[in-house]
*Asks:* 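For reference, the structure I am asking about is given below.
One-based numbering, in listed order, for ligands and for the atoms of each.
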Amino acid sequence: MTHLAVFASGTGSNARCIVDFLAQSPCARVRLVVSNKPQAPVLAMARERDIPTLVVDRAYFYESERLLDVLAEYDIGFIALAGFLWLVPPYLVRAYWRRMVNLHPALLPAYGGKGMYGMRVHEAVKAAGEPETGITIHYVNERYDEGDIIFQARCPVAPDDTPADIARKVQALEHEHFPRLLERLICPTPEDTAA
Ligand code: GAR
């Protein structure tokens, strides 16, 4: 069984989908939820499900490597960033190279980078009059949203869609694909390995 840590700062709807989907998985479980916001609803979601939580502040995350000890303590083999907005420091990128992925609510490389998160992304997509948007799941490197892309899924943007409408469509894609893709990355089938 591979243990997954989910890092999240927001409502945690994706974290919840991942936790619940992997609860049935033969090979992966969410073992830890990490947040930089003590009041983040994602922490309550985790506690309700008896999943350990860790709140980090900037000094802990950037000026020490103590997080690695906690990840080792929980035997974390893979990390999913699901609405975690801090840049990941080099020590953590190195320790989880190709074992840490991020979910982004647009079709990277468009609409990515520092400051591009949540509704800001959907507002920019709307302002540009894009006919479609979607989600990107990519490996994490030391720069915002620039790691190698693993998966994208698309949805149309109608001319009268508001940013909130776009957000709903994108969130539906996230909930559908992210938990399943994580399971495939963590426990590849023989077909995945051959591909
Ligand atoms: C998700 O839409 C995710 O793609 C986005 O934050 C949201 C978290 O939602 N991430 C970024 O924008 C990263 N740049 P949730 O808290 O409901 O899971």
*Asks:* At what distance is the nearest protein heavy atom to atom 11 (C) of ligand 1, and which residue and atom is it?
*Replies:*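 Closest protein heavy atom to atom 11 (C) of ligand 1: P105 CD, 3.5 Å.
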*Asks:* Under 3.5 Å between any N/O of N102 and any N/O of ligand 1: does that happen in this structure?
*Replies:*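 Among all N and O atoms of N102, none is under 3.5 Å from an N or O of ligand 1.
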*Asks:* Return the closest protein heavy atom for atom 9 (O) of ligand 1 as residue, atom name and distance.
*Replies:* N14 ND2, 3.8 Å
*Asks:* Should the heavy atoms of other residues, nucleotides or ligands under 6.0 Å from CD of Q39 be counted, would the total exceed 12?
*Replies:* no
*Asks:* If we ignore hydrogens and angles and just use 3.5 Å, is the side chain of K37 paired with the main-chain N or O of V55 as donor and acceptor?
*Replies:* no
*Asks:* For ligand 1, is L103 a contact, meaning one of its heavy atoms is under 4.0 Å away?
*Replies:*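 Yes; L103 lies near enough to ligand 1 that a heavy-atom distance drops under 4.0 Å.
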*Asks:* Does any non-hydrogen side-chain atom of F7 lie less than 4.5 Å from one of L67?
*Replies:*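 The answer is yes, as the side chains (C-beta and beyond) meet within the 4.5 Å cut-off.
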*Asks:* When you check the gap from the basic side-chain N to the acidic O, do D165 and R168 get nearer than 4.0 Å?
*Replies:* yes
*Asks:* Are more than 12 heavy atoms from other residues, nucleotides or ligands located less than 6.0 Å from atom CZ of R184?
*Replies:* no
*Asks:* Starting from atom 17 (O) of ligand 1, which protein heavy atom do you reach first, and at what distance in Å?
*Replies:* S13 OG, 2.6 Å
*Asks:* Would one find an N or O of D145, backbone or side chain, under 3.5 Å from an N or O of ligand 1?
*Replies:* no
*Asks:* Regarding atom 8 (C) of ligand 1: of the candidates A106, G83, G12, C17, which has the closest heavy atom?
*Replies:*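 Checking each option, the heavy atom nearest atom 8 (C) of ligand 1 is found in G83.
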*Asks:* Heavy atoms only: give me the nearest K126-P159 pair and the separation to one decimal.
*Replies:* NZ-O, 2.9 Å
*Asks:* Are any of the N/O atoms in Y117 less than 3.5 Å from those in ligand 1?
*Replies:* no
*Asks:* Minimum heavy-atom separation for M116 to V121, with atom names?
*Replies:* C-CG2, 3.5 Å
*Asks:* Need the ligand 1 atom indices (1-based, order shown) with element for anything under 4.0 Å from a heavy-atom of E174.
*Replies:* 1 (C), 2 (O), 3 (C), 4 (O)
*Asks:* Is M116 near ligand 1, meaning one of its heavy atoms is under 4.0 Å from it?
*Replies:* yes
*Asks:* Numbering the atoms of ligand 1 from 1, which are under 4.0 Å from a heavy atom of T11?
*Replies:*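 Checking each atom against T11, I get 15 (P), 16 (O), 17 (O).
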*Asks:* So, regarding G118 and ligand 1 (criterion: nitrogen or oxygen to nitrogen or oxygen, under 3.5 Å), is there a contact or not?
*Replies:* yes
*Asks:* For a side chain to side chain contact (heavy atoms under 4.5 Å, CB included) with L54, tell me which candidate from L43, L71, V34 qualifies.
*Replies:* V34
*Asks:* Would you say the side chains of S13 and H175 form a donor-acceptor pair under 3.5 Å?
*Replies:* yes
*Asks:* Please verify whether a non-hydrogen atom of A8 lies at under 4.0 Å from ligand 1.
*Replies:*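 A8: no contact with ligand 1 (<4.0 Å).
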